[in-house]
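Chain letters run A, B, ... following the sequence lines, proteins first and then strands; every chain starts at 1. Small disclaimer: the values here were computed from a predicted structure and weren't measured.
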2 protein chains.
Amino acid sequence: MVARYELIADELREEILSGAYPVGSQLPSEAELAGRFRAARGTVRQAVAVLVAEGLVGSRQGARRIVLGAARSQSFAELHSFAQWARAGGYRFGGQVIEQRRRRASAAESARLGGGEVLEVLRVRTLEDEPVLVERTVYAGWVASVVERLPADCESVTEALYDTIGLVFAYGEHLIDAVSAGVHDARLLGVRRGSPLLRQRRTTTTHEGRPVETSDDRYRAGSVAFSIRNSIGANPLVRQAIDLRSRG
Amino acid sequence: MVARYELIADELREEILSGAYPVGSQLPSEAELAGRFRAARGTVRQAVAVLVAEGLVGSRQGARRIVLGAARSQSFAELHSFAQWARAGGYRFGGQVIEQRRRRASAAESARLGGGEVLEVLRVRTLEDEPVLVERTVYAGWVASVVERLPADCESVTEALYDTIGLVFAYGEHLIDAVSAGVHDARLLGVRRGSPLLRQRRTTTTHEGRPVETSDDRYRAGSVAFSIRNSIGANPLVRQAIDLRSRG
DNA sequence: GAGTGGTCTAGACCACAAA
DNA sequence: TTGTGGTCTAGACCACTCG
(Lines give C-alpha, C1' and ligand atoms only; values in the text may rest on other atoms or scores of the structure.)
Protein backbone atom coordinates (compact mmCIF):
# COMPACT_ATOMS: atom_id res chain seq x y z
CA MET A 1 0.00 0.00 0.00
CA VAL A 2 1.62 3.24 -1.12
CA ALA A 3 0.25 6.41 0.39
CA ARG A 4 -1.26 9.05 -1.81
CA TYR A 5 1.12 11.73 -0.54
CA GLU A 6 4.09 9.53 -1.46
CA LEU A 7 2.85 9.30 -5.03
CA ILE A 8 2.39 13.05 -5.19
CA ALA A 9 5.85 13.57 -3.70
CA ASP A 10 7.35 11.16 -6.22
CA GLU A 11 5.73 13.00 -9.10
CA LEU A 12 6.90 16.39 -7.89
CA ARG A 13 10.38 15.04 -7.22
CA GLU A 14 10.63 13.71 -10.74
CA GLU A 15 9.59 17.09 -12.10
CA ILE A 16 12.26 18.80 -10.04
CA LEU A 17 14.97 16.32 -11.01
CA SER A 18 13.97 16.54 -14.66
CA GLY A 19 14.29 20.30 -14.60
CA ALA A 20 10.61 21.14 -15.02
CA TYR A 21 11.06 23.24 -11.88
CA PRO A 22 14.65 24.50 -12.07
CA VAL A 23 16.71 25.35 -9.01
CA GLY A 24 15.61 28.73 -7.69
CA SER A 25 12.15 28.61 -9.24
CA GLN A 26 8.86 28.54 -7.41
CA LEU A 27 6.65 25.53 -6.84
CA PRO A 28 2.90 25.84 -7.51
CA SER A 29 0.83 26.88 -4.51
CA GLU A 30 -0.82 24.30 -2.28
CA ALA A 31 -4.20 25.19 -3.71
CA GLU A 32 -2.99 24.63 -7.26
CA LEU A 33 -1.40 21.31 -6.35
CA ALA A 34 -4.54 20.22 -4.50
CA GLY A 35 -6.56 20.95 -7.62
CA ARG A 36 -4.13 19.20 -9.93
CA PHE A 37 -3.93 16.03 -7.83
CA ARG A 38 -7.57 16.18 -6.64
CA ALA A 39 -6.44 15.81 -3.04
CA ALA A 40 -7.10 17.70 0.14
CA ARG A 41 -4.73 20.45 1.08
CA GLY A 42 -3.42 18.42 4.01
CA THR A 43 -2.35 15.66 1.68
CA VAL A 44 -0.37 17.88 -0.66
CA ARG A 45 1.20 19.53 2.40
CA GLN A 46 2.35 16.10 3.51
CA ALA A 47 3.79 15.46 0.05
CA VAL A 48 5.68 18.73 -0.04
CA ALA A 49 6.94 18.09 3.51
CA VAL A 50 8.72 15.03 2.16
CA LEU A 51 10.58 17.13 -0.38
CA VAL A 52 11.41 19.72 2.26
CA ALA A 53 12.82 16.99 4.49
CA GLU A 54 14.93 15.76 1.59
CA GLY A 55 16.34 19.25 1.19
CA LEU A 56 15.00 19.60 -2.33
CA VAL A 57 12.52 22.34 -1.49
CA GLY A 58 12.58 25.32 0.85
CA SER A 59 9.50 26.53 2.64
CA ARG A 60 8.56 29.62 4.60
CA GLN A 61 5.33 31.14 5.71
CA GLY A 62 3.72 33.61 3.35
CA ALA A 63 6.00 32.97 0.37
CA ARG A 64 5.83 30.44 -2.42
CA ARG A 65 7.99 27.37 -1.95
CA ILE A 66 11.21 27.36 -3.91
CA VAL A 67 13.39 24.65 -5.39
CA LEU A 68 16.73 24.43 -3.58
CA GLY A 69 18.50 21.56 -5.26
CA ALA A 70 18.13 18.74 -7.66
CA ALA A 71 20.04 15.79 -6.26
CA ARG A 72 18.62 12.49 -5.21
CA SER A 73 19.08 11.51 -1.58
CA GLN A 74 19.58 8.02 -0.30
CA SER A 75 17.77 5.64 1.94
CA PHE A 76 18.63 4.60 5.46
CA ALA A 77 19.72 1.21 4.18
CA GLU A 78 22.19 2.85 1.87
CA LEU A 79 23.74 4.77 4.71
CA HIS A 80 23.78 1.80 7.00
CA SER A 81 25.00 -0.91 4.71
CA PHE A 82 28.17 -0.52 2.69
CA ALA A 83 27.02 -3.23 0.28
CA GLN A 84 23.61 -1.72 -0.36
CA TRP A 85 25.12 1.70 -0.82
CA ALA A 86 27.81 0.51 -3.21
CA ARG A 87 25.34 -1.56 -5.19
CA ALA A 88 22.89 1.35 -5.52
CA GLY A 89 25.73 3.51 -6.79
CA GLY A 90 26.78 0.91 -9.32
CA TYR A 91 30.22 0.34 -7.81
CA ARG A 92 32.21 -2.85 -7.84
CA PHE A 93 32.74 -3.80 -4.21
CA GLY A 94 33.78 -6.59 -1.92
CA GLY A 95 34.67 -7.45 1.65
CA GLN A 96 36.63 -9.90 3.75
CA VAL A 97 36.68 -10.81 7.42
CA ILE A 98 40.23 -10.48 8.75
CA GLU A 99 39.64 -11.42 12.33
CA GLN A 100 36.72 -12.47 14.48
CA ARG A 101 36.40 -13.34 18.12
CA ARG A 102 34.01 -13.54 21.03
CA ARG A 103 34.83 -11.72 24.21
CA ARG A 104 33.24 -10.07 27.19
CA ALA A 105 31.76 -6.60 26.60
CA SER A 106 33.75 -3.65 27.86
CA ALA A 107 32.04 -1.15 30.12
CA ALA A 108 31.35 1.23 27.24
CA GLU A 109 29.99 -1.57 25.07
CA SER A 110 27.77 -2.80 27.86
CA ALA A 111 26.19 0.62 28.06
CA ARG A 112 25.48 0.62 24.34
CA LEU A 113 24.72 -3.04 23.65
CA GLY A 114 23.49 -4.43 26.92
CA GLY A 115 26.43 -6.34 28.37
CA GLY A 116 27.35 -10.01 28.43
CA GLU A 117 29.37 -11.59 25.65
CA VAL A 118 29.87 -9.82 22.33
CA LEU A 119 31.33 -10.71 18.95
CA GLU A 120 34.02 -8.48 17.50
CA VAL A 121 34.66 -8.62 13.78
CA LEU A 122 37.35 -6.89 11.76
CA ARG A 123 36.57 -6.50 8.07
CA VAL A 124 38.15 -4.77 5.13
CA ARG A 125 35.91 -3.50 2.33
CA THR A 126 36.92 -2.72 -1.20
CA LEU A 127 35.48 -0.32 -3.73
CA GLU A 128 36.53 -0.67 -7.37
CA ASP A 129 39.01 -3.30 -6.16
CA GLU A 130 40.83 -0.94 -3.84
CA PRO A 131 40.62 -1.30 -0.06
CA VAL A 132 38.83 1.81 1.23
CA LEU A 133 37.34 0.86 4.58
CA VAL A 134 38.38 -0.90 7.77
CA GLU A 135 35.37 -1.90 9.83
CA ARG A 136 35.58 -2.93 13.47
CA THR A 137 32.11 -4.05 14.43
CA VAL A 138 30.95 -5.33 17.79
CA TYR A 139 27.71 -7.32 17.71
CA ALA A 140 25.43 -7.86 20.68
CA GLY A 141 25.43 -11.37 22.12
CA TRP A 142 22.00 -12.26 20.76
CA VAL A 143 23.10 -11.94 17.11
CA ALA A 144 26.65 -13.22 17.58
CA SER A 145 25.98 -16.82 16.62
CA VAL A 146 24.20 -15.78 13.42
CA VAL A 147 27.03 -13.47 12.36
CA GLU A 148 29.65 -16.12 13.17
CA ARG A 149 28.07 -18.53 10.73
CA LEU A 150 28.32 -16.12 7.79
CA PRO A 151 31.02 -16.72 5.17
CA ALA A 152 34.18 -14.66 5.54
CA ASP A 153 33.58 -12.89 2.23
CA CYS A 154 29.89 -12.22 2.92
CA GLU A 155 28.94 -9.21 0.84
CA SER A 156 26.29 -7.77 3.09
CA VAL A 157 25.86 -8.64 6.73
CA THR A 158 22.79 -6.43 6.87
CA GLU A 159 21.05 -8.39 4.15
CA ALA A 160 22.19 -11.73 5.58
CA LEU A 161 20.74 -10.87 8.98
CA TYR A 162 17.46 -9.94 7.38
CA ASP A 163 17.32 -13.10 5.29
CA THR A 164 18.21 -15.46 8.12
CA ILE A 165 16.38 -14.09 11.14
CA GLY A 166 14.30 -11.24 9.73
CA LEU A 167 16.34 -8.66 11.59
CA VAL A 168 15.79 -5.08 10.44
CA PHE A 169 18.10 -2.23 11.30
CA ALA A 170 15.85 0.75 11.96
CA TYR A 171 17.67 3.48 13.87
CA GLY A 172 21.24 4.67 13.84
CA GLU A 173 23.42 7.10 15.66
CA HIS A 174 26.61 8.28 13.98
CA LEU A 175 29.67 10.19 15.09
CA ILE A 176 32.01 11.40 12.38
CA ASP A 177 35.56 12.70 12.77
CA ALA A 178 39.08 12.33 11.44
CA VAL A 179 41.91 10.22 12.82
CA SER A 180 45.33 9.19 11.63
CA ALA A 181 46.02 5.68 10.48
CA GLY A 182 47.76 3.37 12.94
CA VAL A 183 50.20 0.71 11.79
CA HIS A 184 47.51 -1.91 11.46
CA ASP A 185 44.97 0.30 9.63
CA ALA A 186 47.67 1.58 7.33
CA ARG A 187 48.69 -1.90 6.27
CA LEU A 188 45.08 -3.01 5.69
CA LEU A 189 44.28 0.05 3.59
CA GLY A 190 47.58 0.30 1.77
CA VAL A 191 48.38 3.80 2.98
CA ARG A 192 51.22 5.25 5.01
CA ARG A 193 51.08 5.24 8.78
CA GLY A 194 49.71 8.58 9.99
CA SER A 195 47.58 9.12 6.88
CA PRO A 196 44.24 10.80 7.47
CA LEU A 197 41.20 8.54 7.80
CA LEU A 198 37.55 9.52 7.95
CA ARG A 199 36.05 7.77 10.95
CA GLN A 200 32.40 6.94 11.43
CA ARG A 201 31.37 5.43 14.74
CA ARG A 202 27.83 4.17 14.88
CA THR A 203 25.35 2.27 16.96
CA THR A 204 22.34 0.67 15.33
CA THR A 205 19.14 -0.62 16.86
CA THR A 206 16.02 -2.51 15.81
CA HIS A 207 12.52 -1.10 15.49
CA GLU A 208 12.01 -1.82 19.16
CA GLY A 209 15.08 0.16 20.13
CA ARG A 210 17.12 -2.97 20.88
CA PRO A 211 20.80 -2.37 20.10
CA VAL A 212 22.30 -4.73 17.55
CA GLU A 213 25.81 -3.50 16.86
CA THR A 214 28.27 -0.75 17.36
CA SER A 215 31.03 -0.13 14.86
CA ASP A 216 34.16 1.89 14.23
CA ASP A 217 34.53 2.38 10.47
CA ARG A 218 37.58 4.08 8.97
CA TYR A 219 37.66 5.23 5.37
CA ARG A 220 40.81 6.03 3.48
CA ALA A 221 40.89 9.77 2.78
CA GLY A 222 39.78 10.63 -0.71
CA SER A 223 37.51 7.63 -1.10
CA VAL A 224 34.25 8.58 0.56
CA ALA A 225 32.55 11.74 1.87
CA PHE A 226 29.37 12.38 3.80
CA SER A 227 26.86 14.85 2.52
CA ILE A 228 24.04 16.67 4.25
CA ARG A 229 21.40 19.21 3.41
CA ASN A 230 19.84 21.15 6.20
CA SER A 231 17.79 24.20 6.92
CA ILE A 232 16.49 26.39 9.67
CA GLY A 233 14.01 24.24 11.51
CA ALA A 234 15.37 20.91 10.33
CA ASN A 235 18.82 20.12 11.55
CA PRO A 236 19.89 16.53 11.76
CA LEU A 237 23.60 17.22 11.85
CA VAL A 238 25.25 18.31 15.03
CA ARG A 239 28.78 19.42 15.77
CA GLN A 240 30.39 18.20 18.96
CA ALA A 241 33.50 19.31 20.72
CA ILE A 242 35.81 16.59 21.84
CA ASP A 243 37.11 17.01 25.34
CA LEU A 244 40.19 19.15 24.82
CA ARG A 245 41.88 18.00 27.99
CA SER A 246 41.70 14.21 27.53
CA ARG A 247 42.09 13.64 23.84
CA GLY A 248 41.73 10.09 22.46
CA MET B 1 3.61 33.38 18.42
CA VAL B 2 4.62 29.89 19.50
CA ALA B 3 2.59 27.05 18.03
CA ARG B 4 0.68 24.75 20.27
CA TYR B 5 2.44 21.66 18.95
CA GLU B 6 5.82 23.23 19.75
CA LEU B 7 4.78 23.70 23.36
CA ILE B 8 3.61 20.11 23.57
CA ALA B 9 6.84 18.91 21.93
CA ASP B 10 8.86 20.99 24.41
CA GLU B 11 7.02 19.50 27.35
CA LEU B 12 7.46 15.94 26.11
CA ARG B 13 11.12 16.58 25.30
CA GLU B 14 11.74 17.84 28.82
CA GLU B 15 10.12 14.72 30.22
CA ILE B 16 12.35 12.54 28.07
CA LEU B 17 15.52 14.43 28.92
CA SER B 18 14.64 14.41 32.62
CA GLY B 19 14.22 10.65 32.56
CA ALA B 20 10.46 10.54 33.11
CA TYR B 21 10.36 8.41 29.99
CA PRO B 22 13.65 6.47 30.04
CA VAL B 23 15.38 5.23 26.92
CA GLY B 24 13.61 2.13 25.66
CA SER B 25 10.30 2.93 27.33
CA GLN B 26 7.01 3.65 25.60
CA LEU B 27 5.42 7.03 25.12
CA PRO B 28 1.71 7.45 25.91
CA SER B 29 -0.64 6.84 22.99
CA GLU B 30 -1.81 9.69 20.82
CA ALA B 31 -5.27 9.47 22.35
CA GLU B 32 -3.84 9.78 25.87
CA LEU B 33 -1.68 12.72 24.90
CA ALA B 34 -4.60 14.41 23.16
CA GLY B 35 -6.60 14.08 26.33
CA ARG B 36 -3.81 15.29 28.57
CA PHE B 37 -3.09 18.38 26.44
CA ARG B 38 -6.73 18.95 25.39
CA ALA B 39 -5.67 19.09 21.76
CA ALA B 40 -6.79 17.37 18.59
CA ARG B 41 -5.01 14.21 17.58
CA GLY B 42 -3.45 15.98 14.60
CA THR B 43 -1.80 18.48 16.88
CA VAL B 44 -0.20 15.91 19.15
CA ARG B 45 0.91 14.00 16.07
CA GLN B 46 2.66 17.13 14.89
CA ALA B 47 4.32 17.47 18.29
CA VAL B 48 5.54 13.91 18.33
CA ALA B 49 6.78 14.29 14.74
CA VAL B 50 9.17 16.95 16.02
CA LEU B 51 10.68 14.51 18.49
CA VAL B 52 10.89 11.82 15.83
CA ALA B 53 12.73 14.22 13.54
CA GLU B 54 15.13 15.00 16.37
CA GLY B 55 15.83 11.33 16.73
CA LEU B 56 14.59 11.20 20.30
CA VAL B 57 11.61 9.02 19.54
CA GLY B 58 11.02 6.10 17.21
CA SER B 59 7.69 5.52 15.54
CA ARG B 60 6.11 2.67 13.60
CA GLN B 61 2.61 1.82 12.63
CA GLY B 62 0.65 -0.31 15.04
CA ALA B 63 3.11 -0.14 17.94
CA ARG B 64 3.53 2.37 20.74
CA ARG B 65 6.22 4.96 20.16
CA ILE B 66 9.44 4.33 22.02
CA VAL B 67 12.14 6.57 23.43
CA LEU B 68 15.41 6.15 21.49
CA GLY B 69 17.75 8.61 23.12
CA ALA B 70 18.00 11.44 25.53
CA ALA B 71 20.42 13.96 24.03
CA ARG B 72 19.60 17.47 23.05
CA SER B 73 20.09 18.35 19.40
CA GLN B 74 21.14 21.69 18.06
CA SER B 75 19.76 24.39 15.88
CA PHE B 76 20.67 25.25 12.33
CA ALA B 77 22.39 28.39 13.57
CA GLU B 78 24.57 26.31 15.83
CA LEU B 79 25.68 24.14 12.95
CA HIS B 80 26.20 27.05 10.66
CA SER B 81 27.97 29.48 12.91
CA PHE B 82 31.05 28.48 14.84
CA ALA B 83 30.48 31.36 17.26
CA GLN B 84 26.87 30.50 18.00
CA TRP B 85 27.72 26.86 18.42
CA ALA B 86 30.66 27.53 20.74
CA ARG B 87 28.66 30.01 22.80
CA ALA B 88 25.72 27.61 23.17
CA GLY B 89 28.14 24.97 24.38
CA GLY B 90 29.73 27.31 26.88
CA TYR B 91 33.17 27.23 25.29
CA ARG B 92 35.74 29.99 25.27
CA PHE B 93 36.31 30.84 21.62
CA GLY B 94 37.82 33.40 19.29
CA GLY B 95 38.74 34.10 15.72
CA GLN B 96 41.08 36.12 13.57
CA VAL B 97 41.19 37.04 9.89
CA ILE B 98 44.58 36.03 8.48
CA GLU B 99 44.11 37.11 4.91
CA GLN B 100 41.37 38.68 2.85
CA ARG B 101 41.13 39.60 -0.79
CA ARG B 102 38.74 40.24 -3.65
CA ARG B 103 39.13 38.31 -6.84
CA ARG B 104 37.14 36.97 -9.76
CA ALA B 105 35.07 33.86 -9.14
CA SER B 106 36.46 30.59 -10.45
CA ALA B 107 34.25 28.44 -12.67
CA ALA B 108 33.21 26.21 -9.76
CA GLU B 109 32.46 29.23 -7.58
CA SER B 110 30.44 30.87 -10.32
CA ALA B 111 28.24 27.80 -10.45
CA ARG B 112 27.63 27.92 -6.73
CA LEU B 113 27.60 31.66 -6.02
CA GLY B 114 26.56 33.24 -9.28
CA GLY B 115 29.77 34.60 -10.80
CA GLY B 116 31.34 38.04 -10.86
CA GLU B 117 33.68 39.19 -8.13
CA VAL B 118 33.94 37.36 -4.83
CA LEU B 119 35.62 37.95 -1.49
CA GLU B 120 37.87 35.26 -0.11
CA VAL B 121 38.63 35.26 3.59
CA LEU B 122 41.01 33.05 5.54
CA ARG B 123 40.24 32.80 9.26
CA VAL B 124 41.57 30.81 12.17
CA ARG B 125 39.19 29.96 15.00
CA THR B 126 40.13 29.01 18.51
CA LEU B 127 38.35 26.90 21.08
CA GLU B 128 39.53 27.04 24.68
CA ASP B 129 42.43 29.17 23.42
CA GLU B 130 43.70 26.50 21.05
CA PRO B 131 43.47 26.91 17.27
CA VAL B 132 41.10 24.21 16.04
CA LEU B 133 39.73 25.44 12.73
CA VAL B 134 41.01 26.98 9.52
CA GLU B 135 38.18 28.52 7.52
CA ARG B 136 38.48 29.49 3.87
CA THR B 137 35.26 31.26 3.01
CA VAL B 138 34.27 32.74 -0.33
CA TYR B 139 31.47 35.31 -0.15
CA ALA B 140 29.25 36.26 -3.07
CA GLY B 141 29.89 39.71 -4.50
CA TRP B 142 26.73 41.23 -3.06
CA VAL B 143 27.82 40.69 0.56
CA ALA B 144 31.53 41.28 -0.01
CA SER B 145 31.59 44.94 0.98
CA VAL B 146 29.71 44.25 4.21
CA VAL B 147 32.08 41.46 5.20
CA GLU B 148 35.14 43.58 4.35
CA ARG B 149 34.09 46.23 6.83
CA LEU B 150 33.95 43.79 9.74
CA PRO B 151 36.80 43.88 12.28
CA ALA B 152 39.49 41.25 11.82
CA ASP B 153 38.65 39.63 15.14
CA CYS B 154 34.90 39.66 14.55
CA GLU B 155 33.46 36.89 16.68
CA SER B 156 30.53 35.97 14.49
CA VAL B 157 30.17 36.91 10.85
CA THR B 158 26.74 35.31 10.79
CA GLU B 159 25.49 37.57 13.55
CA ALA B 160 27.18 40.62 12.09
CA LEU B 161 25.50 40.07 8.72
CA TYR B 162 22.16 39.76 10.42
CA ASP B 163 22.67 42.89 12.52
CA THR B 164 23.92 45.05 9.66
CA ILE B 165 21.78 44.07 6.69
CA GLY B 166 19.25 41.65 8.15
CA LEU B 167 20.74 38.72 6.25
CA VAL B 168 19.54 35.31 7.42
CA PHE B 169 21.26 32.07 6.51
CA ALA B 170 18.48 29.58 5.92
CA TYR B 171 19.70 26.57 3.96
CA GLY B 172 22.98 24.72 3.91
CA GLU B 173 24.62 21.93 2.03
CA HIS B 174 27.56 20.16 3.62
CA LEU B 175 30.19 17.72 2.45
CA ILE B 176 32.34 16.08 5.09
CA ASP B 177 35.57 14.16 4.62
CA ALA B 178 39.14 13.87 5.85
CA VAL B 179 42.29 15.42 4.40
CA SER B 180 45.87 15.78 5.50
CA ALA B 181 47.25 19.10 6.62
CA GLY B 182 49.30 21.05 4.13
CA VAL B 183 52.23 23.21 5.20
CA HIS B 184 50.05 26.27 5.60
CA ASP B 185 47.20 24.58 7.47
CA ALA B 186 49.68 22.81 9.71
CA ARG B 187 51.35 26.03 10.74
CA LEU B 188 48.04 27.78 11.41
CA LEU B 189 46.72 24.93 13.54
CA GLY B 190 49.97 24.07 15.26
CA VAL B 191 50.07 20.49 14.04
CA ARG B 192 52.55 18.50 11.96
CA ARG B 193 52.31 18.56 8.21
CA GLY B 194 50.31 15.56 7.03
CA SER B 195 48.23 15.40 10.20
CA PRO B 196 44.59 14.39 9.69
CA LEU B 197 42.03 17.18 9.43
CA LEU B 198 38.25 16.91 9.39
CA ARG B 199 37.03 18.91 6.42
CA GLN B 200 33.58 20.41 6.03
CA ARG B 201 32.78 22.10 2.74
CA ARG B 202 29.51 23.98 2.69
CA THR B 203 27.39 26.33 0.66
CA THR B 204 24.78 28.46 2.38
CA THR B 205 21.82 30.34 0.92
CA THR B 206 19.15 32.77 2.07
CA HIS B 207 15.45 32.05 2.48
CA GLU B 208 14.99 32.86 -1.19
CA GLY B 209 17.58 30.33 -2.24
CA ARG B 210 20.16 33.01 -3.04
CA PRO B 211 23.69 31.73 -2.38
CA VAL B 212 25.68 33.75 0.15
CA GLU B 213 28.90 31.90 0.76
CA THR B 214 30.80 28.73 0.19
CA SER B 215 33.45 27.61 2.61
CA ASP B 216 36.16 25.03 3.17
CA ASP B 217 36.56 24.49 6.92
CA ARG B 218 39.25 22.23 8.35
CA TYR B 219 39.21 21.08 11.95
CA ARG B 220 42.20 19.70 13.75
CA ALA B 221 41.59 16.01 14.45
CA GLY B 222 40.46 15.38 17.98
CA SER B 223 38.80 18.73 18.43
CA VAL B 224 35.38 18.42 16.84
CA ALA B 225 33.10 15.65 15.58
CA PHE B 226 29.81 15.61 13.75
CA SER B 227 26.92 13.64 15.09
CA ILE B 228 23.77 12.37 13.44
CA ARG B 229 20.72 10.36 14.35
CA ASN B 230 18.76 8.76 11.59
CA SER B 231 16.14 6.16 10.96
CA ILE B 232 14.37 4.26 8.24
CA GLY B 233 12.31 6.88 6.46
CA ALA B 234 14.31 9.87 7.62
CA ASN B 235 17.81 9.97 6.28
CA PRO B 236 19.53 13.30 6.03
CA LEU B 237 23.04 11.93 5.83
CA VAL B 238 24.37 10.54 2.62
CA ARG B 239 27.61 8.81 1.78
CA GLN B 240 29.35 9.73 -1.46
CA ALA B 241 32.14 8.05 -3.27
CA ILE B 242 34.88 10.28 -4.49
CA ASP B 243 35.98 9.57 -8.01
CA LEU B 244 38.62 6.89 -7.56
CA ARG B 245 40.42 7.69 -10.79
CA SER B 246 40.94 11.44 -10.36
CA ARG B 247 41.54 11.93 -6.69
CA GLY B 248 41.95 15.49 -5.43
C1' DG C 1 -5.14 43.78 0.49
C1' DA C 2 -4.68 39.43 -1.87
C1' DG C 3 -2.35 35.31 -1.80
C1' DT C 4 0.33 31.89 0.55
C1' DG C 5 1.88 28.81 3.87
C1' DG C 6 1.28 27.51 9.09
C1' DT C 7 -1.80 25.83 12.64
C1' DC C 8 -5.71 23.47 14.52
C1' DT C 9 -9.94 20.85 14.69
C1' DA C 10 -13.09 16.74 14.15
C1' DG C 11 -14.04 12.79 12.26
C1' DA C 12 -13.44 8.74 9.18
C1' DC C 13 -11.15 4.70 7.52
C1' DC C 14 -7.14 1.70 7.03
C1' DA C 15 -2.77 -1.10 8.05
C1' DC C 16 -0.24 -3.09 11.29
C1' DA C 17 1.40 -5.02 16.01
C1' DA C 18 0.69 -7.48 19.89
C1' DA C 19 -1.72 -10.21 22.98
C1' DT D 1 -9.52 -8.96 18.55
C1' DT D 2 -8.20 -4.62 20.23
C1' DG D 3 -5.41 -0.80 20.25
C1' DT D 4 -2.17 1.91 17.95
C1' DG D 5 -0.23 4.77 14.56
C1' DG D 6 -0.77 6.20 9.38
C1' DT D 7 -3.64 8.47 5.92
C1' DC D 8 -7.08 11.53 4.19
C1' DT D 9 -10.72 14.91 4.19
C1' DA D 10 -12.99 19.54 4.83
C1' DG D 11 -13.10 23.58 6.75
C1' DA D 12 -11.57 27.42 9.76
C1' DC D 13 -8.50 30.96 11.32
C1' DC D 14 -3.99 33.08 11.63
C1' DA D 15 0.75 35.02 10.35
C1' DC D 16 3.41 36.31 6.97
C1' DT D 17 5.12 38.05 2.21
C1' DC D 18 4.77 40.87 -1.47
C1' DG D 19 3.12 44.00 -4.74
- Whichever of A:Arg4 and A:Gly62 has the more 5' nearest nucleotide on DNA chain D, that residue is A:Arg4
- Quick one: on DNA chain D, does B:Ser59 or A:Gln61 contact a more 5' nucleotide (nearest heavy atom)? B:Ser59
- Terminal helix-axis angle for the helix from C:dG1-D:dC18 to C:dA18-D:dT1, with five pairs defining each axis and rounding to 10 degrees: 20°
Looking at [X] and [Y], does any basic side-chain N land under 4.0 Å from a carboxylate oxygen?
X        : Y        : value
A:Glu173 : A:Arg201 : no
A:Asp217 : A:Arg202 : yes
B:Arg104 : B:Glu117 : no
B:Arg102 : B:Glu148 : yes

- Message: Other residues, nucleotides and ligands only: do more than 12 of their heavy atoms fall within 6.0 Å of CZ on A:Arg103?
- Response: yes
Just wondering, do [Y] and [X] contact through their side chains at under 4.5 Å, heavy atoms?
X        : Y        : value
A:Leu68  : A:Leu56  : no
A:Glu120 : A:Glu109 : no
B:Phe226 : B:Tyr219 : yes

- Message: Quick one, B:Thr204 with B:Glu213, criterion side-chain hydrogen bond (donor to acceptor under 3.5 Å, both in side chains). Give me CA distance, side-chain angles, the key distance, then yes/no.
- Response: CA-CA 6 Å; B:Thr204 323; B:Glu213 45 136 57; 2.8 Å; yes
- Task: Using the six-membered ring wherever Trp is involved, compare the ring planes of A:Tyr91 and A:Trp85 and label them parallel, tilted or perpendicular (cut-offs 30° and 60°).
- Result: tilted
- Base, sugar-phosphate, or nothing: which does B:Ala31 touch, judged by heavy atoms less than 4.0 Å apart? nothing
- Hey, where on DNA chain D does chain B first and last touch, going 5' to 3'? Cut-off is any atom under 4.0 Å from a heavy atom. D:dG3 to D:dT7
- Task: Taking only heavy atoms on the protein side, list every residue of residues 40-47 of chain B lying under 4.0 Å from any atom of DNA chain D, sorted numerically.
- Result: B:Arg41, B:Arg45
